[in-house]
Each structure stands twice: as C-alpha cells, then as structure tokens.
Amino acid sequence: MKVLVLNSGSSSQKSCLYEIGVTLPDDPPDCVWEGKVEWEGDRTEYSIKNNRGGAVRDLAAVASREEAIERLLQTLWRGKLQTISLPSEIDVVGHRVVHGGPHHFEPAFVNAEVKSAIENVSVFAPLHNRAELQGMEIVAKMLGPVPQVAVFDTGFHRTMPLAAATYPGPYEWFEQGIRRYGFHGINHQYCAQRAVQLLRAHPDSSRIVSCHLGNGCSLAAIRDGRSVDTTMGFTPLEGLMMGTRSGSVDPGILTYLLRQKQLSAKQLDDLLNRKSGLLGISGISSDMREILAASRNGSEPEKQSRARLALEMYVHRLQSGIGAMSAVLGGLDVLIFTAGVGENSPEVRAAVCDKLAFLGIRLDETKNAQMLDEDRDIAAPDATVRVLVIRAQEDWMIARECWHLTRMRSTVSS
Ligand code: ADP
C-alpha cells in the first residue's frame, strides 16, 4: 500500500511516501520519497530526497502556497526524483490535523462533515487548520478521488480526565469548547507505544512521561497507554518554555499589557508566540544549539549570561513539569526524550535528569553522550526509571493510522 503523508506548518509543508506491505514492520521504515518546502514571501526552498540516494535542493519563486505544494508533490511522478509512474498509484493520503476541536479525536476518512468540523475549529488554530484544509483540496485536485484521512494531534489526549482538561474559569468556558486539548498527541502516542515495544513491557503496566522538545515543547503523562495530562492546553502556547513561545505566564501580565501599554491582541499574540521563549530571553536565537554554544562562550559575557539564563529557565520549567506529571501518575517508570532537543542534546537531558534523581532517574553518562540514530535506553542499568531517547515519528504514525483504516474499510466491504 502506498501512503502519502502531508504535514502542514504555517510556513512549511512536509510530505513523505511510505510503502507498507500486508503486515506493519516493527521498526519505522524509511520513506521511499520525502520532500519539504519552506517559504518566505514569494521565495520557496525545496529539499527532496528518495531512498535510492537521490536528493535535490532548489530555490524557486512561486505565486502562492498552493503552487508551492503542487510543485513539491509533482516531483513524485516527474523529474529526477520520480518515484511512482502515476499519481493514481497512491492508495491513501494522511494529513496531520493540528486541532480536532471538542468532537473529533479518532483518525477519520475525510468527508464533507469532517472538513466542516476542521473548518469550524480553525478559529482555535487559524494558521494550522486552514493550511491542512488547503492540503486536502490540493490532493483532491491533483490525485482525484483518492481516500484521505485526517489524524488529529489533539486526539491522543481525549482520555484526559475532566479535572485535567477543564480550566478553572467560569463553567461556560468548557461548554464553549474552551478547555485543555493538548497537542503533539500523534508523537506522544507513538513514543508511548514504542517504549512498550523497546522495553518489552506490558502496555497496561507503565507510568510514562513523554518530553517532546522541538521548536514547540510539551509533556504528556501517560498511564497504561492513555494520556492523563499534558502541558499544552487550549492552544499550543501553554506549558513549557519553547523556542519562540513563552509557555505559561501569569495571565495578569496580559491584562496589564492590554490595559497599561495598550497592546493589541495581535501584538500580544506576536510577543507570546514569536518573540518569547529561548529567543526572547537570550536575544540570540530560538535554536537550542546556538543557546548552548553562547552559554559556553566566555568571550561575550553579556550574551553568555543571557544564554545561560535562557538555558536554566528551560531546564527549570522542564524539571517542574516532569515533577508535576510524575505526581499526576503517582510515580514514574519511564521518561522519554523525543524531537530535536530531546533526541540530540545530551546536555539538556543530563541537566534535567540530574535534578530529578529523587524520582529514581539516573543516566548512564556514556550512553547519554553517544550520538546514535537509533531509539535507545540511556538510564544506568540499576536505575529504577528507564530513560529512553525515541526519534519523533509523526509521519510514520499517520501512515500507520491510514493503513489500519484502509484495511478495516476493505475488510468491512469485502
Ligand atoms: P519541530 O518542532 O519544528 O518539528 P524539531 O523537532 O526538528 O522541530 O526540533 C528543532 C529544534 O531542535 C531546533 O530548533 C534545535 O533547537 C533543536 N536541535 C536540533 N539539533 C540539536 C542539537 N544537536 N542539540 C541541541 N538542540 C538541537
């Protein structure tokens, strides 16, 4: 089965093609083709590769987002990286949909009702949901009546108890859909399943805290495979300190800025989403690699102290968040690090784990320092908590959901 996955961002579009046989492999396979297009103004940058060693990087001027995505997808059946003969070879297309709102949690075939539900909650995540709907339109235009599947990033958190999902404002908020949804659910769910597989544990016997640390950062508390709490909330702004997002701040700061500084909602939105976090505090970058480098570089003391503060705050919030999630679980069996920072920064992992020794977390320093491209346990052999590094695999998780739904549908109809 050929499964195409589309993962839309506000200024990028990633896509990959998987070929899956009659059984799902234990380990995530490589994509047979993968491409990414990022745009700024009318300039777009393409990077595309296939599993036969072909790779292309290209800059182009395009008139619209739609045109950029069409060019990207056409490279599947045209040009140097051609991977299939005809678009009709694609059996199913999966989309990551950031927000499913209060009613849509399970992966679903896209139809008019699903599309209108995604549209209805696009006020909650305007940059994402509209981009994802546009992706569905483009696929329908280019590939015709191929089945399309929506996989919701909020879906995994549907099992959170009301006490975790409800904000302590007026009760009407909940009735209006103002509640904790949580995000990164596709990857948190994948990591929880992968942890059970790696540890050969029983799915119903673990208390897991999953730390997704990329440009956006969130924690999930997972008991017996189900999300019971998470740090992101109504929007992906709540919780941990992130690359450019603030994470949680006292809401009184916002009313102060609105009243006393006459900031508009748009200015506040921009401050909190794009000018805060690692970037806002360090004044250097949102990229953890640059923060770590500046925090070691004594030749510019002013920069160094701001970078150190940013790093200490990032670790402090992570430490208190993992503590809170462990308390919700009543203890901790497995801690997972995933996504850009989680997978690649031994320094951040060590800094936070050192502070959590009281929970039974202890790293094997050599294993933590190794830069390996494989999922692994980096805890000391006799530690009571396993610490896993797991590569984020949202696209593979989406492809798997498409495979399951498609097979279920063909079983039902045969
Ligand atoms: P996204 O959330 O956009 O999917 P990623 O999961 O790829 O992003 O994470 C991107 C972040 O990962 C970068 O901003 C960078 O801070 C961080 N990162 C990548 N490699 C390293 C590294 N070797 N050390 C520390 N941080 C890293």
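In listed order, ligands and their atoms are each counted from 1. Note that these values count all heavy atoms, side chains included, but never hydrogens, waters or copies made by symmetry. Quick caveat: nothing in here was measured; it's all calculated off a predicted structure.
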Mind checking what makes side-chain contact (heavy atoms from CB on, under 4.5 Å) contact with D364, not counting sequence neighbours?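 Counting only residues at least two positions away or on another chain, D364 forms a side-chain contact (heavy atoms from CB on, under 4.5 Å) with T366, K367, P381.
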Are [X] and [Y] linked by a side-chain donor-acceptor pair shorter than 3.5 Å?
{"X": "S218", "Y": "H188", "answer": "yes"}
{"X": "H157", "Y": "S227", "answer": "yes"}
{"X": "N187", "Y": "T338", "answer": "yes"}
{"X": "R194", "Y": "Q197", "answer": "yes"}

Any salt bridge linking K14 with E394? Criterion: basic side-chain nitrogen under 4.0 Å from a carboxylate oxygen.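 So K14 does not pair with E394 through a salt bridge.
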Around ligand 1, what residues show up once you keep those with a heavy atom under 4.0 Å from it?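 The 4.0 Å shell around ligand 1 contains G214, N215, G216, D287, M288, R289, A339, G340, V341, N344, S345.
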